[in-house]
Amino acid sequence: MNVFSHFRDEIVASLREIASAGDLPADLDFRAVTAEPPRDPSHGDVATNAAMVLARPASMKPRDIAALLAVRLERVDGVASVEIAGPGFINLRLVSGFWHDRLREVLRAGVAYGDSEIGAGRPVNVEYVSANPTGPLHVGHGRGAVFGDVLASLLSKAGFAVTREYYVNDAGAQVDVLARSAHLRYREALGESVGDVPEGLYPGEYLKEVGAALARKHGDAWLDKPESEWLEPVREAAIAAMMALIREDLEAVGIRHDVFTSERALVEAGRVGEVLDDLEKRGFIYTGVLEPPKGKLPEDWEPRPQTLFRSTAFGDDVDRPLRKSDGEWTYFATDIAYHLDKYRRGFANMIDVWGADHGGYVKRMKAAVEAVTGGEADLDVKLCQLVKVLRSGELVRMSKRAGDFVTLREVVDEVGKGVVRFIMLTRKNDAPLDFDLAKVLEQSRDNPVFYVQYAHARVCSVLRNAAEMFPGEDLSDSALVNADLSLLAAPEEIDLIRMAATWPRIVEGAAEAHEPHRLAFYLYDLASQLHALWTKGRDQPELRFLIEDDRPLSLARLAMVRGVGIVVASGLGVFGIEPAEEMR
RNA sequence: GCGCCCGUAGCUCAGUGGAUAGAGCGUCGGCCUCCGGAGCCGAAGGUCAUAGGUUCGAAUCCUAUCGGGCGCGCCA
């Protein structure tokens, strides 16, 4: 249960009753009414702004509305008291039994706790990674990869029908460069001395294996032959090899896409021509000459008539070219066809995860989606900022093997996939991220992965101790749910349960905002509160989780501690991280 | 020049239009013979870049300015 949407429903129901009794205007709009945790916990458990937001439309004083509402809210299940405060807030204080019920809910649900129906089974397509098939993934790709993957899991937990998609850019000039680079390595594999890799080709050593494989399979069939004879087959082989490499890299961080869509296949199926014909008929395509870009002028700039999409009609700054001077489609043109393809496959909700360097591309893509779907589809583009890889504060320089960047694989091999997945979400997607290889392995509060994992391990540890202290006692979740939870009455205990019971609200909020990093911050806070209470037990033995001569109280506290462990596990589950049983 | 993102404590950053803006690190002071050590409690530290505006209420929304990052036809 999302406690806050539950009470919001109760509040709105009460408002409707008041309206039908004639004490409020009949046609009030309640959308602005919220129910939230008050910033200051001493104000109670749930606060609503109802009286303040309705005052003006109802032409009444906030306090008068609050008084009417308070009377009814006092009778709502779980409400202990209602007070009107400040400019017109209504603060609800809940009975502790309400929180005990939530704890039972956690224990019954297990890691499914926090699952929500707000998605109502609606399909969402999350497209992420989509790195060019020209080499291994670097850490920047890794951030987008983890972000997209966890966002997908989060949306799935929130009740959406999620498809994880990878768009394979296997049609542009970059894959021809790849083919030439692979052919060079092929010649090398056949004994030729190629020297330094020429400017304009991919220098990465990972292509040596591709060249060697080509040599094994095809012998000297493409040696000393014109490019036209080998370009296509070499390209196919190289793309396949690169995609295999990328999928291994993704597998190493625990990512598997449901769908791989090939750009080349879309082009060859004539889908680009189709969508552009349609746009042309509707008058969104014309031939024109663009103004030269301001600022840094390309050296070979010359005014030239181009096939342009009227993206300015949909909020873009300039109209965008669809055809290159060699007659090929621009990337944008194929991307329009691709997004229409997603829409036709049933996705009115699309999320694209891109690197921040593609920021200038967002407006035109949104414009295009609006144009080709008649405004029926919603595209959200999430831009992931750069990752700076450090070791104890020192910038880590690029690796030779890959060419010029730190590969995702190197980082995963060094610190583990769970750490990579968590750290990538400890910042908002649009803020730059420092990834310190030394710090993320520290066992300290400064390291969020450790701190959160330690909370789960500590819960497991307490349970292990309990099993020794109370041999024969059933300590499973289904047994703990029957513990006498009314014994959990200390404010610290209710606070901890309240925090754990906020999880469903965090899930829904993060899912709606497409912001998985919120989960990381929440888990850190929850862990912090558990550790604090544990430590408090040192000075105040009566607060310890296990008290040998008070079995009922110990069982109740085990239920609480276990509840926290479940929520941590549920959160780590969304992150795709295995919760730790112990920290050794 | 234009567009997008960002500007919050000494540093790194949270903060879904709500009440007295939070956390970690660092600094200072205390605690640490514990269910599992890798920590806990407290203090100091803020013109939320600046100036206007909208609102009962703005770090949050709008406008302008300043500062930083990214991008700016035929790359993807």
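No experiment lies behind these values; they were computed from the predicted model shown. When reading the values below, keep in mind they use all heavy atoms of this one structure, side chains included, and skip hydrogens, waters and symmetry mates.
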What is the separation between atom [atom1] on [X] and atom [atom2] on [N], rounded to the nearest whole Å?
X      : N      : atom1 : atom2 : result
A:R364 : B:rG71 : CZ    : P     : 13 Å
A:E515 : B:rC13 : CD    : P     : 17 Å
A:D539 : B:rC41 : CG    : P     : 11 Å
A:N49  : B:rU55 : CG    : C1'   : 13 Å
A:E492 : B:rC41 : CD    : P     : 11 Å
A:Q529 : B:rC40 : CD    : P     : 13 Å
A:I90  : B:rG18 : CD1   : P     : 17 Å
A:D446 : B:rC11 : CG    : P     : 16 Å

By the 4.0 Å heavy-atom rule, please label [X] as base, sugar-phosphate, or nothing.
X      : result
A:R427 : sugar-phosphate
A:D319 : nothing
A:A47  : base
A:G537 : base
A:E442 : nothing
A:R320 : nothing
A:A356 : sugar-phosphate
A:M469 : nothing
A:A513 : nothing
A:V53  : base
A:P38  : base
A:F89  : base

Nearest to the side chain of [X] - [options]?
X      : options                : result
A:H517 : B:rG3, B:rG18, B:rA14  : B:rA14
A:R544 : B:rA19, B:rC35, B:rA76 : B:rC35
A:P321 : B:rG73, B:rC40, B:rA19 : B:rG73
A:M52  : B:rU12, B:rG18, B:rC75 : B:rG18
A:R445 : B:rA76, B:rA19, B:rG24 : B:rG24
A:E263 : B:rA14, B:rA76, B:rA19 : B:rA76
A:V462 : B:rC35, B:rA14, B:rA76 : B:rC35
A:R39  : B:rC35, B:rG18, B:rA76 : B:rG18
A:T535 : B:rU16, B:rC31, B:rG39 : B:rG39
A:Y524 : B:rG24, B:rG18, B:rC13 : B:rG24

Has the side chain of [X] got a donor or acceptor atom sitting under 3.5 Å from an opposite partner on the base of [N]?
X      : N      : result
A:S325 : B:rC74 : yes
A:R505 : B:rU16 : yes
A:R538 : B:rC31 : no

Are the ring of [X] and the base ring of [N] both nearer than 5.5 Å at their centres and tilted by less than 30°?
X      : N      : value
A:Y454 : B:rA38 : no
A:H358 : B:rG71 : no
A:W534 : B:rC35 : yes

Integer angstrom distance from the [atom1] of [N] to that of [M]:
N      : M      : atom1 : answer
B:rC13 : B:rU55 : C1'   : 29 Å
B:rG46 : B:rC70 : C1'   : 29 Å
B:rG24 : B:rC6  : P     : 25 Å
B:rG71 : B:rG10 : P     : 31 Å
B:rG7  : B:rU16 : P     : 12 Å
B:rG22 : B:rC66 : C1'   : 27 Å
B:rC72 : B:rG18 : C1'   : 40 Å
B:rG73 : B:rG57 : P     : 46 Å

Would you say the ring centroid of [X] lies under 6.0 angstrom from that of [Y]?
X      : Y      : result
A:Y286 : A:F309 : no
A:H531 : A:Y451 : yes
A:Y338 : A:Y167 : yes

Query raised in the report: Is there a side chain to side chain contact (heavy atoms under 4.5 Å, CB included) between A:E370 and A:L379 once you walk through the steps?
Result: CA-CA 9 Å; A:E370 189 181 341; A:L379 170 67; over 6 Å; no

Query raised in the report: Does the pair A:D446 and A:S444 meet the rule for a side-chain hydrogen bond (donor to acceptor under 3.5 Å, both in side chains), with working shown?
Result: CA-CA 5 Å; A:D446 200 19; A:S444 75; 5.1 Å; no

Please check: side-chain N/O of [X] versus main-chain N/O of [Y], any donor-acceptor pairing under 3.5 Å?
X      : Y      : result
A:S311 : A:D316 : no
A:D436 : A:S392 : yes
A:Q529 : A:M499 : no

Query raised in the report: Under 4.0 Å: is that the gap between some side-chain N or O of A:Y451 and OP1 or OP2 of B:rC40?
Result: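 The answer is yes; a side-chain N or O of A:Y451 sits under 4.0 Å from OP1 or OP2.
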
Query raised in the report: Counting only side-chain N and O atoms of A:K388, is one of them less than 4.0 Å from OP1 or OP2 of B:rU12?
Result: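 For B:rU12, neither OP1 nor OP2 has a side-chain N or O of A:K388 closer than 4.0 Å.
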
Could you please name the partner base of [N], counting Watson-Crick and G-U wobble pairs only when both distances are under 3.5 Å?
N      : value
B:rC40 : B:rG30
B:rC72 : B:rG1
B:rC13 : B:rG22

Report task. Please figure out whether A:L383 or A:K428 has its closest RNA chain B nucleotide nearer the 5' end. Result ->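 Looking at RNA chain B, the more 5' nearest nucleotide goes with A:L383.
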
Query raised in the report: Closest nucleotide of RNA chain B for A:D430 versus for A:H531: which of these residues is on the 5' side?
Result: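 With A:D430 and A:H531 compared, the 5'-side residue is A:D430.
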
Requested in this report: Measure across A:H456 and A:A580 and return the closest heavy-atom pair with its distance rounded to 0.1 Å.
Outcome: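 Of all heavy-atom pairs spanning A:H456 and A:A580, the closest is ND1-O, 2.8 Å.
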
Query raised in the report: Should A:F545 and A:M560 count as side-chain neighbours, where that means a heavy-atom distance under 4.5 Å?
Result: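 A side-chain contact under 4.5 Å exists here.
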
